[in-house]
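To start, the structure itself, in structure tokens.
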Amino acid sequence: MKIYVTAHHTPYIDSFFPDHLMERLHALGEVSRNPYDRSMTREELEQVLPDTDILVTTWGTPQVDAAMLEKASNLKMLAHCAGTVAHIASEAFWEKGIPVLSANPIMARTVAEATLAYILAGLRRIPQADDCIRGGGWMKLPGRYSLLGSSVGLIGFGAVARNLIPLLSPFHCQVWVYDPYLSEDALKEWPFARKCTFEEAMRQNVVSIHAAQMPETYHMVNAAALSLMPDHALLVNTARGSLVDTEALIKELETGRISAVLDVYEQEGAGQQPKELLELKDQCILQPHIAALSDWHLTEGIVEDLERFFRNEPMKLQVTLRQFQLMTQE
């Protein structure tokens with residue numbers, strides 16, 4: 001069995017493939033790896049696919065579309081050591097019955113943890129209090145609120161939101177969930193949660209965004225949606241920056257009526273955020289897209305599933321076609 005790993009060698013990428021996991025991969029078959037000091041091009045990937053049985057991917061891998069898959073007659077699995085596979089796989093995999101794995105469920109747990117931390121930090125104004133003390137003050141900051149007994153609106157109910165709901169349970173919150181694809185029994189495990197409209201979710205004390213990035217979700221949280229939020233409400237975005245109209249959010253934050261915690265942005269990277277957003281220290285906590293703890297545990301989950309595959313056991317990280325269609329599009 002020939003296994004090809006598309007990850008190139010850098011200290012960061014290599015941290016996803018430590019020796020103990022590479023040894024487990026080698027135990028499953030003949031392992032080859034991207035020889036370049038960069039991500040592979042489409043043409044380079046096309047050259048190795050015909051001789052590959054298991055394709056192990058990570059960020060930067062070109063999408064394997066139907067045309068490429070036609071040339072990959074030996075391919076039996078695509079295993080992605082990161083989150084969404086919307087930009088890696090294609091529907092042709094399901095048409096041919098080739099399993100696709102994703103470490104998204106593992107990553108989602110850490111994003112849910114971070115979301116809870118962001119909610120508490122935002123409501124309690126923890127960074128602002130820290131700045132106050134470091135500036136020589138001891139003021140009891142106004143606008144501190146509790147999550148206990150509060151209401152939380154979830155925009156989208158994918159893997160992150162499903163991991164977040166149990167974390168909210170001890171706080172005795174009422175959770176309102178908007179997701180146009182939500183099944184009738186999706187919330188039966190959580191009696192404190194109920195299905196609602198987008199407008200109802202936006203009217204809660206805390207609004208947390210978890211929808212996928214798609215053309216139809218672009219700027220879904222716009223000026224009109226933000227106006228629905230009650231005074232002193234908190235907006236948290238750990239999904240994708242494009243879901244929120246940044247200009248509209250800045251204008252709403254400048255009024256002091258609501259606050260926000262942002263982990264994602266329409267333009268990401270150092271120095272890419274609007275100056276007006278950076279100046280809103282009292283109303284907004286900013287994080288550099290770090291809600292997901294990305295490390296070797298993602299690869300470990302994939303390797304474990306590959307071992308199950310070789311033992312003819314059910315895999316835990318296999319992506320259904322429906323899940324693929326609803327995943328964030330990079």
Side-chain angles (χ1 to χ4, degrees), residues 111-132 141-147 150-156 160-161 164 167-168 171 173 175-178 198-213 217-292 328:
V111 178
E113 176 193 39
T115 302
L116 178 61
Y118 294 163
I119 291 172
L120 293 171
L123 290 176
R124 290 282 182 159
R125 306 195 70 196
I126 292 174
Q128 291 89 342
D130 179 82
D131 283 345
C132 177
L141 295 174
R144 294 172 67 250
Y145 301 97
S146 174
L147 181 58
S150 189
S151 63
V152 178
L154 301 182
I155 307 297
V160 174
L164 178 61
L167 301 182
L168 294 173
F171 295 91
C173 300
V175 179
W176 300 66
V177 181
Y178 165 73
F198 174 74
E199 290 74 17
E200 288 174 318
M202 290 298 304
R203 290 190 178 102
Q204 305 314 308
N205 297 325
V206 176
V207 178
S208 190
I209 303 173
H210 302 287
Q213 177 176 271
T217 60
Y218 177 75
H219 281 189
M220 67 185 302
V221 179
N222 53 24
L226 292 167
S227 71
L228 299 174
M229 297 180 68
D231 291 351
H232 313 301
L234 173 69
L235 178 74
V236 178
N237 189 7
T238 57
R240 286 294 188 272
S242 67
L243 275 62
V244 178
D245 182 336
T246 304
E247 184 176 339
L249 176 61
I250 290 172
K251 288 181 179 178
E252 194 68 65
L253 292 173
E254 286 175 339
T255 70
R257 197 180 68 80
I258 66 171
S259 58
V261 182
L262 304 178
D263 186 67
V264 290
Y265 310 88
E266 293 197 68
Q267 298 295 327
E268 299 210 333
Q272 297 299 307
Q273 291 69 52
K275 178 183 177 183
E276 296 83 358
L277 184 65
L278 299 177
E279 292 174 345
L280 289 166
K281 292 184 177 181
D282 287 340
Q283 296 304 122
C284 193
I285 300 171
L286 306 177
Q287 295 290 290
H289 202 151
I290 56 171
T328 284

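Here the structure is a predicted model, which means the values were calculated and not measured.
Screening residues 219-228 for salt bridge (Lys or Arg N to Asp or Glu O under 4.0 Å), with sequence neighbours left out, gives no hits. Among pairs with a residue in residues 271-284, none fulfils side-chain hydrogen bond (donor to acceptor under 3.5 Å, both in side chains), at least two apart in sequence or across chains. For residues 120-129, no residue pair satisfies the salt bridge (Lys or Arg N to Asp or Glu O under 4.0 Å) rule, not counting sequence neighbours. Applying the salt bridge (Lys or Arg N to Asp or Glu O under 4.0 Å) test to every pair with at least one member in residues 253-267, sequence neighbours left out, gives these pairs: D231-R257, E252-R257. Among residues at least two apart or in separate chains, there is no ring-ring contact (aromatic ring centres under 6.0 Å, His included) pair with a member in residues 258-281.
Taking all atoms of both residues into account, the shortest heavy-atom contact from A225 to V221 is CB-CA, 4.0 Å. The minimum heavy-atom distance between T217 and A212, with the atom names listed, is OG1-O, 2.8 Å. I258 approaches L253 most closely through the heavy-atom pair O-CD2, 3.5 Å. When every heavy atom of Y178 is checked against every heavy atom of F198, the shortest pair comes out as CD1-N, 3.2 Å. Shown here for A223 and A248, the closest heavy-atom pair between the two residues is N-CB, 3.7 Å. When all heavy atoms of A161 and L154 are compared, the closest pair comes out as CB-CD1, 4.2 Å.
A distance of 10.0 Å separates CZ in R203 from CH2 in W176, rounded to the nearest 0.5 Å. Note that CG of L249 and CG of L262 are 6.0 Å apart. Values are rounded to the nearest 0.5 Å. Note: M202 CE to I155 CD1 = 6.0 Å, rounded to the nearest 0.5 Å. Here the OG1-NE2 distance, from T328 to H210, works out to 12.0 Å after rounding to the nearest 0.5 Å. In this structure, I285 CD1 and L234 CG are separated by 7.5 Å, a value rounded to the nearest 0.5 Å. The CG atom of D245 sits 7.0 Å away from the OH atom of Y218 when rounded to the nearest 0.5 Å.
For N205, the side chain to side chain donor-acceptor pair (under 3.5 Å) partners are S150, S151, not counting sequence neighbours. With sequence neighbours excluded, the residues satisfying side chain to side chain donor-acceptor pair (under 3.5 Å) with Y145 are H232. For A112, the side-chain contact (heavy atoms from CB on, under 4.5 Å) partners are V160, N163, L164, L167, not counting sequence neighbours. For E247, the salt bridge (Lys or Arg N to Asp or Glu O under 4.0 Å) criterion is met by K251, not counting sequence neighbours. By the ring-ring contact (aromatic ring centres under 6.0 Å, His included) test, F171 is found to be paired with no residue, residues two or more places apart in sequence or in another chain being considered. Applying the side-chain contact (heavy atoms from CB on, under 4.5 Å) criterion to A292, with sequence neighbours excluded, gives M107, T110, V111, S294. With sequence neighbours left out, T115 forms a side chain to side chain donor-acceptor pair (under 3.5 Å) with T238.
Using a 4.5 Å heavy-atom threshold, the side chains of I119 and V261 count as separate. V152 is listed as a side-chain neighbour of L147, based on a closest heavy-atom distance under 4.5 Å. Residues L116 and E113 fail the side-chain proximity criterion, which asks for heavy atoms closer than 4.5 Å.
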